[in-house]
Amino acid sequence: MLKTHSCGELRKDHIGQEVTLAGWVHRRRDHGGLVFIDLRNKEGIVQVVFNPETSPVAHEIADGFRNEYVIQVTGDVSRRPPGTENPKLPTGEIEIVAKEAEILNTAKTPPFYINEDVDVEDNIRLKYRYLYLRRERLKNNLLLRHKVIKFIRNFLDSKGFVEIETPILIKSTPEGARDYLVPSRIHPGKFYALPQSPQQLKQLLMVAGFEKYYQIARCFRDEDLRADRQPEFTQLDLEMSFVDEEDILNLLEELFTSLVETVTPEKRVLKPFPRLSYIETMERYGTDKPDIRFGLEIKDISSIMTNSDFAVFRTTLQEGGKIKGICVPACASYPRHQLEELTQLAKSFGAKGLVAMPVATEVSNPGQATIDKTKTVVAKYLTAAEVQGIVTKFEAKPDDLLLIVADQPKIVNKVLDELRREMGKHLNLVDPNLLAFVFIVDYPLLEWNKELGHWGPMHHPFTAPREEDIPLLDAAPEKVRARHYDIVCNGCELSSGSIRVHNRELQEKIFHLLGYNKREIEERFGHLLDAFEYGVPPHGGIAPGMDRLVMLLAGEDSIREVIAFPKNQSATDLMVNAPSSVSKEQLDELYLQLKPELES
C-alpha cells in the first residue's frame, strides 16, 4: 500500500506516530513560508503542514502542489497549536508535519470547484461526473446508499430470505411503460427486452418453492424522465409465499423503521405507519402520494354550495364537478400580488381560477370567524348559512385564508395537492428530519382506458382482486377492489405491491378484461399460465425503489444525486456520450437497417 492510514481516521491518539498518507490536494494555503495542505481521500480530510526549516525538500515539492493533484506524504502526527483547532473536522485536533512528499499525478484545473459546494450547470456536472463525485455531499450520498443496501441484505437474511438473481435479457411483456429492446444476432428479427421489473420471474420463483425471495434488482423503462425517474433504476424486489397483505406491510414497516434508526439516526420516523384507503387519501390530500408531515387537508364544500348564487360554483356542480379547498393558517393578510401569484400557480396546474376567501372576526360576535366580505367579491353571493357552513367545514379561525378550487374532480385534486405542498413549504410546516411513511390500500383493481376502449390495470395485470369482489368482475368491474398497496414517504411514492393472482382461470379472466385475446394471452403469458397448473402457493410482494429511498434519507430533491452515473433529462449519458451511433457492420450482424434520414 502507498499509505499507512486514511486521511480521515487520524485522531489525537495517533500523536507522535509517523504515517504515510496518499490522496488529493483539497486546498492549498501559503502562510509566509509555511505551506498548509488539506489532504483528502474517501475517509475524510486532514491538514498537512510543510515547514522549510525542518523539511526543505518536502517544502519545495509542496510549493508545486495544486488543487486535485494526487500526492503522497510521510510525516509525524502532531497536536495543532492552541487556537488553531478545527472543530468542523473529525481530524481537527491534529496535523501532519511533513518530512517527505511526492507528486503521484498532476491535474488540470477542474471545470468547477470541487472543494466548495457551489451550483454547477447540470450538463457540466454530468459530463464530468467523476469529478462531481469527489465532492463531499455526493461522496456521502453514495456511501449512504452502500450502507442502506448492506443493511437491507442483512435484515432480509435474518428473516430467512434468499437473494436470487434473475435474467436481464427477457421477453417483452406489458408492465406499464415502453420496453428497451435488444436485437438478437443468433435469432434474426427477434428481440430480448430489458426487464421493467422481475415481476413474472419472482412469481415463478414462488411456484418453484423458494417462499422468500429478494433481489437488489436493476430495472429499465423507456419513459420520459423527471427528478425521481431514470431510464435504469434499482429496486428492492421482494416476494413471499403463504402471506396476506398484513404480513408484507408489517415486514416493510419493520425494515424501514430499523433501517432509518440504524443508518440515519438523525432522522425521525412517524410510528406506526398509518394506513389510508385510496378513496380517503384522495379526499383528504388530492393524491395517492400524500405528504402527511403537515395538515392543510382538503375539504369538500360541494354539498354546502348546492344552491349557490355564485355562477362559477353553480355551473361546476351542474357539470359534475367538485368545490374543494384548503385552509391556510394566519394568511388572511396576504396582499393582492401574493394572491395573484397563487392564482397563477393554480392555473399552471390546470385550474380555471382560484377563489381566495380571507377569514375575519365576526363583528357582532367577537371571536367567531366569518368570511371577510371586503376582501373577496365571492362573499356577496354567499348566504349567511353558506358562510357559516364553509367556516365550520374548514374549522377556520380569524386571520386564516381559504383557497377554493371549483372544477372537475381530477383537476381539483391535482391543483389543491400542488397548492397544499407549496403552502406547506412556504409556511415552513415541513419537518425535513421527519420521515412520514404511509401505506395506501384498497385501490380499485381496474381503471377505464378511454383511448383503447377497455379496462386497464391500476397496478399491473397480476394483481389479485379482493375475494369478495371477484363476482363483480363480470357485473361491475369498476367496483372491484384490488389487494394492492403502495408505500409513500413525504409525498414520494416508494413502491407499489400486491397479493398476486395464483389461479389460471382467474388470471385469464383478468387478461380478457384488459383487452387481450386468446392468442395474445398465450403468446405473452403462456409460460406463467402453464406454471399455474402445477401447484402455486398464494403469494405477494412489493418492490421499493432504492434510488428514491436513498434520496429521501440523504435529503436530496433528485435521484440523480444518489446515483453514481445518471442520465440527463433526455436520457443521455454526457460523460460517455451514450446513446451513440454504431457501425454498419454491427447493424448488419443484427439484420438491422436504419431509415435513410437517420443514417450519418
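Scope of the values below: all heavy atoms of this structure, side chains included, with no hydrogens, waters or symmetry mates.
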Taking 4.0 angstrom as the limit, do [X] and [Y] come out as a salt bridge?
{"X": "E116", "Y": "R135", "result": "no"}
{"X": "E556", "Y": "R137", "result": "yes"}
{"X": "D431", "Y": "R293", "result": "no"}
{"X": "E297", "Y": "R284", "result": "yes"}
{"X": "D417", "Y": "R421", "result": "yes"}
{"X": "D547", "Y": "R560", "result": "no"}
{"X": "E93", "Y": "R80", "result": "no"}
{"X": "D76", "Y": "K99", "result": "yes"}
{"X": "E136", "Y": "K139", "result": "yes"}
{"X": "D291", "Y": "R420", "result": "no"}
{"X": "E68", "Y": "R134", "result": "yes"}

Got a donor-acceptor contact below 3.5 angstrom from the E85 side chain to the G83 backbone?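 A pair under 3.5 Å: yes.
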Using atom types as modelled and distance alone, determine if a side-chain donor or acceptor of N141 lies under 3.5 Å from a backbone N or O of E561.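 It does hold such a pair.
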Take C492 and K289 through the side chain to side chain contact (heavy atoms under 4.5 Å, CB included) test and state the conclusion after the steps. CA-CA 6 Å; C492 177; K289 297 179 278 293; over 6 Å; no
Partner residues of K171 under the salt bridge (Lys or Arg N to Asp or Glu O under 4.0 Å) criterion, sequence neighbours left out: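 For K171 there are no salt bridge (Lys or Arg N to Asp or Glu O under 4.0 Å) partners, ignoring immediate neighbours.
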Hits for salt bridge (Lys or Arg N to Asp or Glu O under 4.0 Å) against E53, two or more places apart or cross-chain, chain-then-number order -> none
Taking the six-membered ring for Trp and the single ring otherwise, decide whether the centroids of F273 and F437 are under 6.0 Å apart. yes
I want to check a possible cation-pi pair here: R178 against F220, using under 6.0 Å from ring centre and within 45° of the ring axis as the test. no
Spacing of CZ belonging to F565 relative to OH belonging to Y130, to within rounding of 0.5 Å: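 Reported to 0.5 Å precision, the distance equals 10.0 Å.
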For the pair D179 and Q196, evaluate side chain to side chain donor-acceptor pair (under 3.5 Å) and give the outcome as yes or no after the intermediate values. CA-CA 7 Å; D179 286 326; Q196 294 186 33; 2.7 Å; yes
Side chains of D288 and T281: do they bring a donor and an acceptor to under 3.5 Å?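 Not at all, the side chains of D288 and T281 share no donor-acceptor pair under 3.5 Å.
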